Number of protein chains: 2
Amino acid sequence: MTGRPRTFDKDAVLRAAMRAFWERGYEGVSVAQVCEEAGIAAPSLYAAFGDKKALFEKACALYTEHLDDDLERDLSAPTAREAIERLLRSSAEHFSAPGQPPGCLVMGEPRLAERRAKTRDTIRARLHRAAAEGELASTAEADGVAAFVDTVLAGMAALARDGADRARLLDAARHAARAWPAQRSSQVATEGLWVE
Amino acid sequence: MTGRPRTFDKDAVLRAAMRAFWERGYEGVSVAQVCEEAGIAAPSLYAAFGDKKALFEKACALYTEHLDDDLERDLSAPTAREAIERLLRSSAEHFSAPGQPPGCLVMGEPRLAERRAKTRDTIRARLHRAAAEGELASTAEADGVAAFVDTVLAGMAALARDGADRARLLDAARHAARAWPAQRSSQVATEGLWVE
DNA sequence: CTCTTTCTGTAACGCCCACTAAAAAACGTC
DNA sequence: GACGTTTTTTAGTGGGCGTTACAGAAAGAG
């Protein structure tokens, strides 16, 4: 009992939905719009993916499919400094990938704060390891660097969505990498800056 | 012929609307919600402010009322480096001001890209001045620093909305300030980093 | 062919949206 | 008190939203 076969490509529809959510956010996308862009009727979409929230989750799963692997790959560099440099550069490139919407689905979507927190935890863990290995002065400094890296990643995604091209994003990433703490003492680098 | 006096505080209603847009964005706020939070009926709100778009624009005008002045004040520091440090710190504090929604209405709202561009132009102009005065090596470097500063500002706003406290934002701002180009040659600071 | 199963297409459902027509109420003025 | 003006109140308007009931169409199984 196989029943009538579906006439559309389920993966293609999911990719269209992902792109729509990526470009305009969860609230900015209506089910009717996805249906039109995918070329199918609403009941077909509901039968294949469930309601709008389930469709969004499946689209997010598709988006983040290779993202965690990429993160681990970047962070696996021998030194934390190199790991962060890799992460900054590959993120800048991802946020400005040709043929894809600018920015980041996860960064741009308010309701994905939990997933952002997960990524931040991963970055912080890598920097804590660097503190334990002596590459950073302390876990407090690791937390500070982590907050800074999180900030730059989120900011690059925002700039990308505002139309910044890849060169601008890579400029920002390079300048960010330049903020790495000086090797002998972090006080040297912060000389002249305010202190809490 | 004075007519019946209005029974609500127009400024208080506008402040409530500003807070709502600040917290949840233009699309996340319904007119009915503003009415309930302000304690007035819809026709009163429409008579006082016009339609939703006009209300949003007035709320934005209220939000940005003192913002440009603050920006000019920060950027008026004698050196660009100090100007950017002031801007980073005051922005971190603004994004985490107690009693106000976290983050930034302008940074968080997709449809305010033009205003963000205006702020970025102002920052870039200050850094170009620094290049002309010899504080930065070139206008190209000024553009790079500008892209970096824009990124950090947008990122801090995003982190604040994700729940980061003031200390985390100030950590990020301090680390960002540390990325200022070395005085003698910017190549010294980028030593060991990738180049395009 | 008939039955069962699964998908497609049409046509709605109720809900909330931004927005407003109309009548009643509260003022200053005559 | 009657009038003109402005606000409040009530009760809607049409439209888009997410979602679905239902009938017909396309497949394999008997």
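Letters go in sequence order (proteins before strands), and every chain restarts at 1. It should be emphasised that the depicted structure is a prediction, and the values quoted were computed from it without experimental measurement. Just so it is clear, the values below take in all heavy atoms, side chains as well, and ignore hydrogens, waters and symmetry mates.
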Show every donor-acceptor pair shorter than 3.5 Å between a side-chain atom in residues 31-49 of chain A and any protein atom, with sequence neighbours excluded, or say none if there are none.
unit_1: A:Q33; atom_1: OE1; unit_2: A:R24; atom_2: NH2; d: 3.3
unit_1: A:Q33; atom_1: OE1; unit_2: A:S30; atom_2: N; d: 3.1
unit_1: A:E37; atom_1: OE2; unit_2: A:R24; atom_2: NH2; d: 3.0

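With sequence neighbours excluded, the residues satisfying side-chain hydrogen bond (donor to acceptor under 3.5 Å, both in side chains) with A:S90 are A:D74. Residues passing the salt bridge (charged side-chain N to carboxylate O under 4.0 Å, His left out) test with B:E23 are B:R19, sequence neighbours excluded. Take A:F148 and apply the ring pair (Phe, Tyr, Trp, His ring centres under 6.0 Å) test, not counting sequence neighbours, and it matches no residue. Taking the salt bridge (charged side-chain N to carboxylate O under 4.0 Å, His left out) definition, one finds that B:R161 meets it with nothing, sequence neighbours left out. Checked against salt bridge (charged side-chain N to carboxylate O under 4.0 Å, His left out), B:D150 has no partners two or more places apart in sequence or in another chain. By the ring pair (Phe, Tyr, Trp, His ring centres under 6.0 Å) test, A:F95 is found to be paired with no residue, residues two or more places apart in sequence or in another chain being considered.
Following rounding to the nearest Å, B:R6 (CZ) and D:dT5 (P) show an atom-to-atom distance of 18 Å. In this structure, CZ of A:F8 is placed 15 Å from P of C:dT6, rounded to the nearest angstrom. When rounded to the nearest whole Å, the span between CG of A:L45 and P of C:dT8 equals 11 Å. The distance from atom CZ of B:F49 to atom C1' of C:dA18 is 17 Å, rounded to the nearest whole Å.
For residues 92-102 of chain B, the pairs satisfying side-chain hydrogen bond (donor to acceptor under 3.5 Å, both in side chains) are B:Y63-B:H94, B:S96-B:R166, with sequence neighbours left out. Listed by first then second residue, pairs satisfying side-chain hydrogen bond (donor to acceptor under 3.5 Å, both in side chains) with a partner in residues 122-133 of chain A read A:D121-A:R124, A:H128-A:D143, A:R129-A:E133, not counting sequence neighbours.
Contact annotation: B:S44 reaches the phosphate of D:dT8 (side-chain N/O to OP1 or OP2, under 4.0 Å).
For residues 12-19 of chain B, proximity to DNA chain C is found at no residue, defined as any non-hydrogen atom under 4.0 angstrom from a strand atom.
When the nucleotides D:dT10, D:dT8, C:dT10 are ranked by their closest atom to the side chain of B:T7, D:dT8 comes out on top.
A salt bridge links A:R81 with A:E85: the closest approach of a Lys/Arg side-chain nitrogen to an acidic carboxylate oxygen falls below 4.0 angstrom. Using a cutoff of 4.0 Å between basic side-chain nitrogens and carboxylate oxygens, A:D165 and A:R168 are not scored as salt-bridged.
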Under 3.5 Å, which N/O atoms of the protein pair with N/O atoms of nucleotides 26-28 of chain C?
unit_1: C:dA26; atom_1: O4'; unit_2: B:R4; atom_2: NE; d: 3.4
unit_1: C:dG28; atom_1: O4'; unit_2: B:T2; atom_2: OG1; d: 2.9

Look for any protein N or O under 3.5 Å of an N or O in nucleotides 17-20 of chain D and output each such pair with its distance, or none.
unit_1: D:dG18; atom_1: OP1; unit_2: A:V31; atom_2: N; d: 3.3
unit_1: D:dG18; atom_1: OP1; unit_2: A:K52; atom_2: NZ; d: 3.0
unit_1: D:dG18; atom_1: OP2; unit_2: A:V31; atom_2: N; d: 2.8
unit_1: D:dT19; atom_1: OP2; unit_2: A:Y46; atom_2: OH; d: 3.0
unit_1: D:dT19; atom_1: OP2; unit_2: A:K52; atom_2: N; d: 2.8

